[in-house]
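Here is the structure we will look at, set down as structure tokens.
Basis for what follows: all heavy atoms, side chains included, without hydrogens, waters or symmetry-related copies.
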Amino acid sequence: MRRLIAAVCFAIAFASPAFAEDGYDLWLRYKPVEASYAAQYKPQATAIIGDDTPILNSTKAELKRGLDGLLGQDTPVAQAVTNGAIVLQTGDKDIAEDGFRIEAKSIDGHRVTVISANTDQGALYGAFRYLRQIQTRQPITTIADAPKIRLRVINHWDNLDGSVERGYSGTSIFDWWRLPDLVDARLTDYARAEASIGVNGVVLNNVNAKADSLTAPYLEKAEAIAKVFRPYGIKVYLSARWSAPIELSGLKTADPLDPAVQAWWNAKADEIYRIIPDFGGFLVKANSEGQPGPGDYKRNHAQGANMLAAALKPHGGIVMWRAFVYSEHDANDRAKQAYNEFKPVEGQFADNVLLQIKNGAIDFQPREPFHPLFGAMPKTNEMLEVQITKEYLGQGTHLVYQGPLYEETLKADTFSEGKGSTVAKIIDGSLDNHTFTGMAGVSNVGDDRNWTGNDFSQADWYAFGRLAWNPEASSRDIASDWVKMTFSDDPAFVKPVVDMMMASRETAANYMTPLGLAHQMATGHHYGPGPWVCDLARPEWNPCYYAKADAKGIGFDRTKTGSDAIAQYTPAAAKQWADPKKMDERYLLWFHHLPWNFKVQSGRTLWDELITNYDMGAKQVAAMQQTWAAMKPYVDPERFTAVSANLGIQAREAKWWRDASISYFQSKSGLALPAGIAPPEHDLDYYKSLDFPYAPGH
Ligand code: GCV
């Protein structure tokens, strides 16, 4: 009997808690801080006081939730000021839009902490910042902050049938079928997460849009979502299909200069604002990858964007017009297309249009030089688009922290107005005096319990928000905050994990596309390697188009002996990549086609360097596995196991990338592997034979 009682006690003591750590709470876990910290914070968090408005009510609720959890108390939401209260004060005109100031003050003789702001939204951001101070064990001192970028927007590539283009974390969180009647409570947590990182806009549907999302029933559904988002300061936007007037109303044309088309969009805008009074505006992918657009009527992008902008303007709406144009009718180097189409219409866009430009000229590759349009159109409102989902960076399984990739783009110097003309200064408007600024991130969120599939992919979402708020921020600092809030603030955990995250993007570039190679992924789903693919109808659909490997050498010549894409950059920017002997070799084969025996900076031949990089990448993932294995004591078993499993997949796939790529390039170069490099496990035919008809996200 005694044994039975002991067994029962043991089972109770070690049983999993009712709610295990499953990643659902993201960086907003609000687990109790250590007693010594709680003792410091509690006297400054005795009550919460603020007006009764929709956003301030969510602010107070979040503060209560956070403080109750972090400090293990029942924090009253009160009316009267008492010592130690947190007081929300809005209407301070000296504080920038969406900004806040946290400071100790005396009100009626009581020592309080005031979170002041101009707008309710500013107070909400201030509250999240206050909580972050506690989550990361920082003191609550005077803190003043404001976003440097006005529109901080998430783009969902979510389809109306619930699938998500390039989504690797389940299906869409928007249940279009059952909306507006059934509004998933999860959407509130989604809005909390977005607001916590400063996101103030969400595009609900895929840029490869269906016209249906503009019909009345779907607008009612969008409004049901907007109702959830509004108390968190988030506006909804829709991707608009260019040919909607034809598809929905039978117009003969979608020509932007046709009065009937203009009238259709004007009426549509009126209808939208009747249903969604604070609608943000449209995101448009036009004349790209088969999407319709003004080019179908020989009109340019400015003519197209301006027509929509005119329809939205009376309501305060805006247009985000994408510069990702990829036309199958343009035989030019694909990297040149956007610049060639947009530069000529510089100065012609309406003031409520933003040109949304991907970080690089091709398509979210592991590494690309910054997009040549940055700095090339100083009269145009330019916004940056990055991919948070990892279409080309290991999709749902690889641990690849993209903070350094975003930071690399933001810090890139375009030299457009002389040294220091960084992409960050262009998109925050400071370089060319724009006040209408933006940054967009393509969402990695789905209905997986932990939102992003891979627990570490939450960090990309988090980093996007923090960098859209402050494009000068450090991706390392952001990773450190994220790790502390999401896992543990124990320095024995934080340091190795942040180091691992910071190195992870370089690691992926090494095993997938070293030395500036690009687009070597398999066709369609882009899962895994496919460098050998060379038989697709259009040249630039083929990975072989990008690597141009043959018996003599490898690389895409984008200098004047080749496509001369380098000339789309300012001379000062282009200069850094002009000489293959002196340049940053991480961009080498992006700009240059070189012989296999070219001597790189390490003293090795290009061939040896390429192979060494692939090999190093695969080994680096094995090292990541070891780092993580040593973290077991600091992590809950659920997330430890999930991350370990994903790293196992990543290690296997990194080796696959290494072996398949080496195999293929060796079939071209005919050269022996450098000393000490193990040969690929299989022959090239084996790698070519692998087929993944059910790879996700396609
Ligand atoms: C939404 C790439 C992706 C497409 C995506 C496109 C875009 O080509 O593979 O899935 O389409 O970019 O950004 O529009």
Side-chain angles (χ1 to χ4, degrees), residues 20-29 154 156-157 164-173 190 193 197 364 366 386-406 441-465 475 478-479 482-483 485-488 493 497-498 500-509 511-512 521 525-528 620-622 624-625 627-629 631-632 635-654 656-657 692 695-698:
E21 286 271 8
D22 55 13
Y24 182 81
D25 291 332
L26 297 160
W27 47 88
L28 302 175
R29 288 160 62 246
I154 291 286
H156 280 269
W157 287 356
V164 180
E165 183 156 347
R166 311 309 177 184
Y168 311 103
S169 49
T171 55
S172 174
I173 54 168
Y190 174 76
I197 51 174
F364 303 130
V386 295
Q387 201 174 45
I388 307 173
T389 191
K390 286 196 273 258
E391 177 179 356
Y392 299 99
L393 274 163
Q395 305 194 342
T397 45
H398 296 204
L399 193 167
V400 180
Y401 170 52
Q402 293 188 87
L405 188 160
Y406 307 155
V442 179
S443 174
N444 63 351
V445 162
D447 71 350
D448 274 4
R449 180 69 191 159
N450 71 354
W451 304 89
T452 58
N454 188 328
D455 289 293
F456 269 85
S457 298
Q458 295 177 358
D460 301 317
W461 180 11
Y462 182 77
F464 164 76
S475 61
I478 293 171
W482 178 80
V483 166
M485 295 193 285
T486 307
F487 286 106
S488 156
F493 179 80
V497 172
V498 170
M500 173 176 76
M501 290 169 71
M502 290 305 292
S504 61
R505 179 284 188 111
E506 221 54 64
T507 294
Y511 64 75
M512 289 183 184
M521 294 75 192
H525 49 58
H526 298 154
Y527 167 70
Q620 284 165 328
V621 181
M624 287 165 75
Q625 283 183 290
T627 302
W628 185 250
M631 296 299 110
K632 190 167 183 182
V635 192
D636 50 281
E638 295 83 4
R639 290 185 299 169
F640 178 78
T641 308
V643 171
S644 303
N646 279 325
L647 281 168
I649 297 172
Q650 183 174 4
R652 201 169 61 231
E653 294 186 353
W656 170 33
W657 264 100
F692 302 95
H698 186 205

Report the distance from atom [atom1] of [X] to atom [atom2] of [Y], rounding to the nearest 0.5 Å.
X	Y	atom1	atom2	answer
Thr641	Asn646	OG1	CG	11.0 Å
Gln650	Met624	CD	CE	4.5 Å
Met512	Thr507	CE	OG1	11.0 Å
Thr627	Leu399	OG1	CG	10.5 Å
Phe464	Asn444	CZ	CG	11.0 Å
Lys390	Ile388	NZ	CD1	10.0 Å

Considering only heavy atoms from C-beta outward, does the side chain of [X] approach that of [Y] to under 4.5 Å?
X	Y	result
Ile154	Tyr190	yes
Met521	Glu391	no
Gln458	Thr452	yes

**Request:** Please test Met631 against Val643 for side chain to side chain contact (heavy atoms under 4.5 Å, CB included), starting from the C-alpha separation and ending with a verdict.
**Result:** CA-CA 11 Å; Met631 296 299 110; Val643 171; over 6 Å; no
Please give me the minimum heavy-atom distance between [X] and [Y], naming the atom from each residue.
X	Y	result
Val164	Thr171	CG2-C, 3.9 Å
Tyr168	Pro696	CE2-O, 3.4 Å
Ser169	Gly446	OG-N, 3.1 Å

Does the [X] side chain pair with the main chain of [Y], one donor and one acceptor, at a distance under 3.5 Å?
X	Y	answer
Tyr392	Tyr527	no
Asn454	Thr397	yes
Asp447	Gly170	no
Glu653	His398	no

**Message:** Run the side chain to side chain contact (heavy atoms under 4.5 Å, CB included) test on Leu393 and Leu405 for me, step by step, so that the C-alpha distance in whole Å, both residues' side-chain angles and the decisive distance to 0.1 Å come before the verdict.
**Reply:** CA-CA 11 Å; Leu393 274 163; Leu405 188 160; 3.8 Å; yes
Check for me whether the distance between the ring centres of [X] and [Y] falls short of 6.0 Å.
X	Y	value
Phe692	His698	no
Tyr462	Trp451	no
His526	Phe364	no

**Request:** Please lay out, stage by stage, how Asp455 and Arg639 fare under the test salt bridge (Lys or Arg N to Asp or Glu O under 4.0 Å).
**Result:** CA-CA 7 Å; Asp455 289 293; Arg639 290 185 299 169; 5.2 Å; no
Which residues share a side chain to side chain contact (heavy atoms under 4.5 Å, CB included) with [X], sequence neighbours left out:
X	result
Pro404	Tyr401, Ser475, Met502
Ala503	none
Ala193	Leu26, Trp27, Trp461

**Request:** Determine, step by step, whether Tyr406 and Arg505 satisfy the side chain to side chain contact (heavy atoms under 4.5 Å, CB included) criterion, reporting the C-alpha distance in whole Å, the side-chain angles of both residues, the deciding distance to 0.1 Å, and the verdict.
**Result:** CA-CA 11 Å; Tyr406 307 155; Arg505 179 284 188 111; over 6 Å; no
**Request:** Please assess His156 against Ser172 for the test side chain to side chain contact (heavy atoms under 4.5 Å, CB included), listing each intermediate value before the final yes or no.
**Result:** CA-CA 9 Å; His156 280 269; Ser172 174; 5.8 Å; no
**Item:** Mutual orientation of the aromatic rings belonging to Phe493 and Phe487 [parallel < 30°, tilted 30-60°, perpendicular > 60°]
**Value:**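 Phe493 vs Phe487 ring planes: tilted.
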**Asked** Relative to each other, are the rings of Phe456 and Trp628 parallel, tilted or perpendicular (30° and 60° limits)?
**Response**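 Judged by the thresholds at 30° and 60°, the geometry between Phe456 and Trp628 is perpendicular.
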**Asked** Would Tyr511 and Gln620 count as a side chain to side chain donor-acceptor pair (under 3.5 Å) if you check the C-alpha gap in whole Å, the side-chain angles of each, and the deciding distance to 0.1 Å?
**Response** CA-CA 9 Å; Tyr511 64 75; Gln620 284 165 328; over 6 Å; no
